[in-house]
Amino acid sequence: MGVLQRFEHRLEGMVEGAFARAFKSELQPVEIASAVQREMDDRAAIVAQGRTLVPNDFVVELAETDRERLADLADSLGIELATLAREHAREQGYSFVGPVRMRFEGVHELTTGTFRVRSGVIRGTTVEDGEIRRPASDLPHPAGSFTGTPRLLVSGPEPGPDGSTQRTFELGAPLTILGRGTDCDLRLVDPGVSRHHAELRVEDGEVVLVDLGSTNGTFVNGQPVRRVSLTDGTRVTLGRTTLVFRRDGIH
């Protein structure tokens with residue numbers, strides 16, 4: 001079964017008829033998926049022997065009417081498109097320098113049923129040997145209209161090299177992927193954490209936590225969640241790793 005066929009099969013397992021109702025125009029999810037694949041192929045660049053780099057940040061521009069129809073399904077479709085991109089990269093031997101990100105934007109100039117894909121390369125951040133490391137070439141992104149400093153206090157199952165069990169990770173990007181995979185923004189070396197476990201999104205000045213279909217689940221203050229807005233002091237548990245969200249001046 002090919003990448004596109006697996007993509008369509010996963011969509012069939014979602015809410016019955018939801019995508020059909022959302023895409024009343026000629027626009028279909030598989031067309032977007034195919035365009036994402038073409039974008040990766042067209043922009044593939046050989047950066048070293050045996051390593052071909054492709055974009056990992058995608059924006060799907062839609063007609064504003066189609067974007068409104070997609071509003072309730074954008075999260076699910078974005079996750080499936082990101083999965084498709086990773087599968088395509090694996091089959092073609094492509095490499096990413098950060099997590100795969102998918103966003104949808106309404107564009108006034110596009111007519112119903114039309115779309116276009118633009119992409120870029122954005123480096124991610126990882127945790128190595130207990131230390132949070134961001135590539136030196138990365139520039140900080142505005143975190144939104146926060147009154148404080150949004151960040152995570154990360155406590156993993158193993159202490160860092162200095163014996164400390166807690167590190168601080170600043171939320172400076174509009175999207176932060178949490179997981180065990182090497183392409184995650186915040187990589188958590190914890191066997192109880194899925195490769196792509198959850199993500200944090202900055203939306204209208206709020207930080208929203210979204211579980212990405214993880215195996216062991218995401219817990220907020222001890223309760224399982226799929227999507228929730230975080231407030232100062234919220235405790236998030238992924239496997240044996242604890243993340244405390246802070247946005248004030250208290251460390």
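Here the straight-line distance linking atom OG1 of Thr83 with atom CG of Leu212 works out to 8.5 Å at 0.5 Å rounding. A distance of 14.0 Å separates CZ of Arg86 from CD of Glu91, quoted to the nearest 0.5 Å. Atoms OG1 and CG, on Thr112 and Leu62 in that order, are 10.5 Å from each other to the nearest 0.5 Å.
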Next item on the list: Take Asp66 and Arg69 through the salt bridge (Lys or Arg N to Asp or Glu O under 4.0 Å) test and state the conclusion after the steps.
Entry: CA-CA 5 Å; Asp66 286 329; Arg69 292 191 185 103; 2.9 Å; yes

Next item on the list: Dump the intermediate steps for side-chain contact (heavy atoms from CB on, under 4.5 Å) on Val3 and Gln37, then the final yes or no.
Entry: CA-CA 10 Å; Val3 173; Gln37 284 186 311; 3.7 Å; yes

Next item on the list: Apply side-chain contact (heavy atoms from CB on, under 4.5 Å) to Val107 and Phe115, showing your working.
Entry: CA-CA 9 Å; Val107 178; Phe115 72 94; over 6 Å; no

Next item on the list: Could you walk me through whether Asp75 and Arg226 pass the salt bridge (Lys or Arg N to Asp or Glu O under 4.0 Å) test, one step at a time?
Entry: CA-CA 11 Å; Asp75 290 346; Arg226 285 301 304 270; over 6 Å; no

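In this structure, Thr242 and Arg235 approach most closely via the heavy-atom pair CG2-NH1, 3.3 Å.
Residues Phe58 and Val117 form a side-chain contact, since some pair of their non-hydrogen atoms from C-beta on lies under 4.5 Å apart. Side-chain contact check for Leu200 versus Leu230: some heavy-atom pair is nearer than 4.5 Å. Contact annotation: the side chain of Met102 approaches that of Val36 to within less than 4.5 Å [non-hydrogen atoms, C-beta and beyond].
Ion pair Arg227/Asp211 not flagged as a salt bridge, since none of the NZ, NE, NH1 or NH2 atoms sits closer than 4.0 Å to an Asp/Glu carboxylate oxygen.
Judged by distance alone, the side chain of Asn56 and the main-chain N or O of Phe96 form no donor-acceptor pair under 3.5 Å. Counting only distance, with no hydrogens or angles, the side chain of Thr114 and the backbone of Thr111 share a donor-acceptor pair below 3.5 Å. Remark: the backbone N or O of Arg101 is not paired with any side-chain donor or acceptor of Asp57 at under 3.5 angstrom. With Arg180 contributing its side chain and Leu188 its backbone, the two residues share no donor-acceptor pair below 3.5 Å. Side chain of His197 to backbone of Ser194: a donor-acceptor contact under 3.5 angstrom is found.
Ser229 and Glu206 form no side-chain donor-acceptor contact under 3.5 Å, judged by distance and modelled atom types alone.
If you run side chain to side chain contact (heavy atoms under 4.5 Å, CB included) between Leu243 and each of Leu209, Leu153, Thr234, Leu178, only Leu178 comes through.
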